[in-house]
Amino acid sequence: MIDAKTLADHNLTREEYDLIVKLIGREPNLTELGIFSVMWSEHCGYKSSRVHLKKFPTRGKHLIQGPGENAGVMDIGDGLAVVFKIESHNHPSYIEPYQGAATGVGGILRDIFTMGARPVAVLDSLRFGPIDEPRNRSIMDGVVSGISGYGNSFGVPTVGGEVYFNDCYAQNPLVNVCCLGLARKDKLFLARAHGPGNAVIYVGAKTGRDGIHGATMASAEFGEETEHKRPNVQVGDPFKEKLLLEACLEAMSRNLIIGIQDMGAAGLTCSTTEMAAKAGTGMEINLDLVPQREAGMNPYEIMLSESQERMLIVAEPDKVEELQRIFNKWDLDAVVIGKVTGDGQLKAYFQGQLVIDIPVEAVVDLCPAYRRPAATPAFLKKATRLRLPEMPSDLNQVFLQLLASPNIADKEWVFRQYDHMVQVNTMVLPGADAAVLRLKGLKKGLAITLDGNSLYTYLNPRKGGQIAVAEACRNLACAGAAPIGVTNCLNFGNPEKPEVMWQFKQAVEGIAEACRQFEIPVTGGNVSFYNETEGKAVYPTPVLGIIGLVENTSLVPAAGFRAAGETIILLGENKAELGGSEYLRLVFSEEKGEPPTLNFEKEKRVQECCRQAIMAGLVRTAHDLSEGGLALALAECSFKGQRRIGFQVKLNDAIRTDALLFGESQSRIILVARQKNVRKILALARKMKVPARIIGQTGGRKMVIWHRKKKVIDQPLDLGFRAWKNAIPDYFKIKKN
């Protein structure tokens with residue numbers, strides 16, 4: 001009988017152990033226990049989330065491959081498919097920021113090219129504690145360096161994402177990485193070990209002791225012993241990964257591969273058991289044949305290592321020699337370590353002894369699924385009750401303060417460290433609402449964005465999930481793109497706590513409802529639980545990566561103003577909504593209130609109106625309204641053009657001025673057009689029953705906003721730009737010249 005400490009070390013309960021004994025018909029040995037430990041972890045087994053993830057819509061007209069594979073696949077026409085997925089590397093990035101983030105990039109790249117696609121873009125959603133604290137800055141510097149170091153060396157552009165700061169992430173940063181690749185839709189590869197007698201081939205880098213129990217570590221809270229977990233973090237080699245990519249794609253192009261899977265979380269354990277289980281077969285391997293870079297490794301270490309840049313391939317015996325020649329040409333190991341069997345068992349031998357003999361179905365498909373208790377958090381009643389503070393007398397000062405907020409200010413100091421032009425497909429630079437990629441030789445293109453507002457989700461998880469989807473789709477609309485598919489990364493605390501489980505359940509239901517409304521299938525993603533350190537959880541943070549199709553990339557508008565004398569049009573309605581806003585958080589230290597309301601029908605009409613206006617060639621600039629509200633969106637348009645251009649805006653809305661300027665009401669988009677096209681845009685809006693009005697004009701060296709004949713914002717363009725560019729939170733206190 002396994003003792004209680006050994007079970008605790010493997011993150012398994014006594015009940016789970018008893019089930020393992022029942023499934024395999026005997027007591028497991030330590031290596032077999034380790035296999036169940038990683039495969040039945042939250043990270044791999046989704047045992048607390050599976051019952052809720054079934055609520056996501058997984059069908060759509062563009063869908064080729066939904067959840068259950070290394071990545072989702074969408075048909076984009078012309079014989080092409082886009083392969084995309086998002087993953088988290090949160091815990092490793094706190095323990096060892098550089099390698100944690102770097103191997104997060106490496107892992108998601110392998111998920112993409114394992115499917116037969118060449119990676120063409122990476123985006124990342126990063127969450128840290130307040131940037132003015134040295135420990136948080138150190139973590140951020142390491143994470144950003146890890147992303148750039150791996151992505152730049154591999155040769156994939158980092159084209160967008162988001163960076164957000166809040167106290168709740170101080171001891172648990174979130175590092176979510178999304179990747180997309182392109183493939184011929186008739187040349188896709190799946191993780192299937194078909195054909196008893198076929199060869200099982202280990203390819204790529206050698207196996208070491210790094211990353212052992214990485215998946216288990218990602219399925220537990222952190223405490224004071226966190227530093228001791230450093231050996232659980234993998235070490236990446238982007239140059240080796242580049243060789244692996246080229247070798248895999250060459251082998252695929254020659255039809256040498258039956259099935260292939262990345263040795264990601266849980267390493268050789270995951271790839272052997274999952275490939276066999278999905279094909280209804282078994283697998284027999286010899287661990288003595290596994291290429292190793294460290295002496296004296298035992299079966300437990302070999303099976304559970306999460307060393308990077310490794311794949312497992314199934315091929316017909318007569319294709320092995322040619323496949324090995326390809327991998328040898330790229331200076332990579334390609335070793336036959338076993339064969340596919342028909343008995344449904346994973347059997348592994350070491351030094352002539354049978355050391356593993358377990359049913360793959362038990363490991364992969366029979367992990368228990370828990371419907372954990374859920375209870376509304378006690379803090380919500382107080383948190384959603386908001387008594388609006390008295391409006392500041394100097395809104396100019398507030399305007400500068402918000403421009404300098406690290407959550408709103410320019411992020412060029414982050415993304416300039418990434419190579420966003422490699423492969424020369426990037427049409428819209430980082431910092432816009434959505435990244436746009438050209439499809440060489442075609443008129444159309446791809447747009448992609450990452451979005452999620454954790455404060456909204458903290459205050460109202462269902463609404464937060466809905467808004468995350470709606471805002472991502474709105475960002476795509478500002479590029480003229482229609483959404484076709486979504487991947488998500490769901491970052492939450494400990495699911496064994498009823499309050500956290502309630503947040504998760506509500507957020508999933510909100511995301512699912514919004515995806516149905518926008519008719520976009522969820523193609524897969526990642527659940528990251530246990531984002532807690534010493535009992536303190538991060539805010540519930542769903543991050544949505546949504547792909548869109550652009551019919552004509554030549555019509556994609558700019559993110560900033562293009563010229564003086566052009567007309568500014570507002571689609572949508574301004575409302576007196578300040579709950580959960582960056583304005584309340586930054587100026588009054590209040591993280592309270594109800595998030596903005598969301599009406600799906602109005603939202604969809606606004607987005608469609610925006611898309612049609614863009615595709616008709618009527619729009620010069622488009623920008624959605626989100627954090628910071630209308631005033632900040634206008635300022636961003638001033639700053640993001642090829643040259644800085646001011647604006648004059650006049651508003652007469654019958655709501656309090658700070659809500660008008662800084663409220664974050666949904667379903668709003670700024671469009672900028674030449675005068676000759678304004679009437680056409682307004683006519684289109686009337687036809688589609690979308691509120692639309694002229695609110696001002698571009699030009700000058702000032703940013704000026706009037707409300708009811710009172711000038712409430714009047715700032716020199718250069719002063720506002722310096723506040724936004726330098727991201728100094730107390731910039732507003734500096735004397736204005």
Side-chain angles (χ1 to χ4, degrees), residues 121 123 157-163 402-403 407-416 418 420-421 425-438 445-451 471-481 483 546 548 550 552-564 566-572 606-607 610-611 613-615 617-647 649 668-674 677 681 695-699 703 717 720-721 724-725 727:
L123 300 91
T158 300
V159 298
E162 58 176 6
V163 185
L402 280 165
L403 284 175
N407 289 335
I408 289 174
D410 186 26
K411 303 301 188 301
E412 185 184 10
W413 60 280
V414 175
F415 61 70
R416 73 184 174 193
Y418 308 141
H420 48 265
M421 292 305 295
N425 293 318
T426 310
M427 296 189 65
V428 176
L429 299 181
D433 290 323
V436 179
L437 302 172
R438 67 170 53 86
L446 283 173
I448 183 168
T449 186
L450 287 186
D451 264 297
E471 186 180 341
C473 291
R474 199 182 319 134
N475 284 336
L476 295 177
C478 289
I546 303 188
V550 182
N552 185 346
T553 56
S554 68
L555 297 175
V556 173
F561 296 145
R562 288 181 166 182
E566 296 188 335
T567 301
I568 304 171
I569 298 168
L570 176 66
L571 299 183
V606 166
Q607 291 184 21
C610 177
R611 265 192 300 272
I614 290 170
M615 288 299 105
L618 305 176
V619 179
R620 299 265 286 165
T621 299
H623 186 26
D624 92 306
L625 275 65
S626 55
E627 286 90 347
L630 176 59
L632 276 296
L634 289 165
E636 288 170 346
C637 289
S638 285
F639 303 151
K640 290 183 178 180
Q642 290 186 345
R643 59 189 181 92
R644 296 194 289 277
I645 300 169
F647 59 84
V649 162
R668 296 183 296 167
I669 294 174
I670 291 170
L671 300 181
V672 181
R674 291 191 173 103
N677 291 324
I681 293 174
I695 61 170
Q697 192 173 56
T698 64
M703 298 179 287
L717 188 57
F721 178 76
W724 178 76
K725 193 72 175 175

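Note that the numbering runs from 1 along the sequence shown for the chain.
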Practice task
Please confirm whether the backbone N or O of Ala481 pairs with a side-chain atom of Arg611, one donor and one acceptor, at under 3.5 Å?
Solution key: yes
Exercise for the section: Might you point out which heavy atoms bring Leu555 and Gly617 nearest each other, and give the distance in Å? Expected result: CD2-CA, 4.0 Å
Completion exercise
Rounded to the nearest 0.5 angstrom, the CG-CD1 distance for Leu123 and Ile448 is 5.0 Å
Fill in the blank from the handout: Rounded to the nearest 0.5 Å, the CE atom of Met703 sits from the CG atom of Leu634 at a distance of 10.0 Å
Handout entry: side chain to side chain contact (heavy atoms under 4.5 Å, CB included) between Leu632 and Leu403, worked out
Key = CA-CA 7 Å; Leu632 276 296; Leu403 284 175; 3.2 Å; yes
Exercise for the section: Could you tell me whether the side chain of Arg562 reaches within less than 4.5 Å of the side chain of Val672, counting heavy atoms only? Expected result: no
Practice task
Nearest 0.5 Å please: distance from the SG atom of Cys610 over to the CG atom of Leu618.
Solution key: 11.0 Å
Exercise for the section: Apply side chain to side chain contact (heavy atoms under 4.5 Å, CB included) to Leu437 and Thr426, showing your working. Expected result: CA-CA 5 Å; Leu437 302 172; Thr426 310; 4.2 Å; yes
Practice task
Kindly compute the distance separating CG (Leu630) from CD1 (Ile695), expressed to the nearest 0.5 Å.
Solution key: 5.0 Å
Problem - Within-4.5 Å side-chain heavy-atom neighbours: His623 and Asp433 - result: yes
Practice task
Please examine the side chains of Asn425 and Pro157, heavy atoms only from C-beta on, and report whether any two atoms are closer than 4.5 Å.
Solution key: no
Problem - N/O donor-acceptor pair under 3.5 Å between Ser638 side chain and Ile645 backbone - result: yes
Completion exercise
Between the CD atom in Glu412 and the CZ atom in Phe639, the distance rounded to the nearest 0.5 Å is 13.5 Å
Exercise for the section: Grab the two heavy atoms, one from Val436 and one from Ala479, that are nearest each other, plus how far apart they are. Expected result: CG2-CB, 3.9 Å
Practice task
For the residue pair Val556 and Ile614, establish whether any side-chain heavy-atom pair is separated by less than 4.5 Å.
Solution key: no
Problem - Close side-chain approach of Cys478 to Ile669, heavy-atom, < 4.5 Å - result: yes
Handout entry: Test item: Thr449 side-chain N/O and Leu476 main-chain N/O as donor-acceptor pair under 3.5 Å
Key = no
Problem - Whether Phe561 and Phe647 hold their rings parallel, tilted or perpendicular, with breakpoints at 30° and 60° - result: perpendicular
Handout entry: With Ile670, the side-chain contact (heavy atoms from CB on, under 4.5 Å) member among Val649, Thr621, Ile568, Ile569
Key = Ile568
Handout entry: Arg620/Asn677 under side chain to side chain contact (heavy atoms under 4.5 Å, CB included): CA gap, chis, key distance, verdict
Key = CA-CA 10 Å; Arg620 299 265 286 165; Asn677 291 324; over 6 Å; no
Practice task
Taking all heavy atoms of Gly699 and all of Ala564, pick out the closest pair and write down the distance.
Solution key: CA-CB, 3.7 Å
Exercise for the section: Look at Glu162 together with Lys411 and state whether they make a salt bridge at an N to O cut-off of under 4.0 Å. Expected result: no
Exercise for the section: Taking side chain to side chain donor-acceptor pair (under 3.5 Å) as the test, write out the residues that go with Arg438, two or more places apart. Expected result: none
Handout entry: Closest heavy-atom pair and its distance - Ala613, Ile681
Key = CB-CG1, 4.5 Å
Exercise for the section: Locate the shortest heavy-atom distance separating Ala673 from Glu566; write the atom from each residue and the value. Expected result: O-CB, 3.5 Å
Handout entry: Pro430 to Thr158 - nearest heavy-atom pair and separation
Key = CG-O, 4.1 Å
Exercise for the section: Enter the distance from Ile408:CD1 to Trp724:CH2 here, rounded to the nearest 0.5 Å. Expected result: 11.5 Å
Exercise for the section: Could you name each residue pair satisfying salt bridge (charged side-chain N to carboxylate O under 4.0 Å, His left out) that touches residues 624-635, not counting sequence neighbours? Expected result: Arg474-Asp624
